[in-house]
Amino acid sequence: VISYRTDLDGITADQLAGFFEGWPAPPTADALLTVLRRSSHAILAVDDRGAVVGLINALTDGRLAAYIPLLEVRPSHRGRGVGTELVRRMLDALSEVYMTDLVCDNELVPFYERLGLVPLAGMARRNRHASVLATAGGSTG
Ligand SMILES: CC(C)(COP(=O)(O)OP(=O)(O)OC[C@H]1O[C@@H](n2cnc3c(N)ncnc32)[C@H](O)[C@@H]1OP(=O)(O)O)[C@@H](O)C(=O)NCCC(=O)NCCS
């Protein structure tokens, strides 16, 4: 049974290891915990043993705009609706905000369309030297 929590009380970096699948220089679990703490919203999917199996976060001014930077479900728990539920709950939490944006690969467009989002063109910068990335500053991560 999966439960969903919006507080990070008692969550340790150890429980967040292994996320950022496929990133060339993934942020560390410590960095992820900091990211979640600093986010205006974070929702964790937790299994019945307390393991974190999925997460989503959002940054928002609470009025005009919100951005959803991260959504990830551990491979062992995919295909069972956890990702859908995380997005649904986050959109619910942001229901008073005018614009909610995220960036995704083309293959995920149908996933988000089912949740009521529409595709738009966008522009972005990715700073390969950002300190949150594990290889930045000489760390081997
Ligand atoms: C995207 C992701 C969060 C979905 O989580 P999930 O718990 O498996 O989602 P759900 O079970 O609610 O929905 C699964 C559906 O999403 C769609 N989907 C998920 N990943 C997909 C992909 N890479 N390509 C195409 N469709 C995909 C499929 O329609 C899938 O349906 P299926 O299970 O019948 O194949 C998960 O696959 C993941 O963590 N991927 C790696 C990180 C990522 O891509 N995050 C999104 C960043 S924008």
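Any value given below was found using the heavy atoms of this structure, including those in side chains, with hydrogens, waters and symmetry copies removed. The residues of the chain are indexed from 1 along the displayed sequence. Small disclaimer: the values here were computed from a predicted structure and weren't measured. We count ligands from 1, going down the list as the structure has it; atoms in each ligand are counted the same way.
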Contacting atoms of ligand 1, where contact means under 4.0 angstrom from a heavy atom of [X]:
X    : value
Y112 : 46 (C), 48 (S)
V103 : 48 (S)
V82  : 7 (O), 12 (O)

Please examine the side chains of I68 and M90, heavy atoms only from C-beta on, and report whether any two atoms are closer than 4.5 Å. yes
For the 3.5 Å polar cut-off, considering only N or O atoms, please tell me whether [X] and ligand 1 meet it.
X    : answer
E85  : no
R80  : yes
E72  : no
L102 : no
E21  : no
V73  : yes

Which is it for L108 and ligand 1 at heavy atoms under 4.0 Å: side chain, backbone, both or neither? side chain
Below a 4.0 angstrom heavy-atom separation, can you tell me which part of R88, side chain or backbone, both or neither, approaches ligand 1? neither
Looking at F19, does the NZ or CZ of R74 lie under 6.0 angstrom from its six-membered ring centre and within 45 degrees of the ring axis? yes
Could you report the tightest heavy-atom contact between [X] and [Y], atom names first, then the distance?
X    : Y    : result
A58  : P69  : CA-CD, 4.0 Å
L86  : E72  : CD1-O, 4.5 Å
Y67  : L102 : CE1-CA, 3.8 Å
F111 : G83  : CZ-C, 3.8 Å

Looking at [atom], would you say a protein heavy atom lies below 4.0 Å from it?
atom                    : answer
atom 2 (C) of ligand 1  : no
atom 35 (O) of ligand 1 : no
atom 32 (P) of ligand 1 : no

So between F20, F111, W23, whose heavy atom ends up nearest atom 4 (C) of ligand 1? F111
Could you pull out, from C104, G79, G22, the option with a heavy atom nearest to atom 8 (O) of ligand 1? G79
Is the shortest distance from a Lys or Arg side-chain nitrogen in D47 or R49 to a carboxylate oxygen in the other one below 4.0 Å? yes
Do the side chains of R80 and E85 get close enough for a salt bridge, i.e. N-O under 4.0 angstrom? no
For I2, which of D48, V73, V53 qualifies under side chain to side chain contact (heavy atoms under 4.5 Å, CB included)? V53
Positive for side chain to side chain contact (heavy atoms under 4.5 Å, CB included) with L36, one of L44, I43, I11: L44
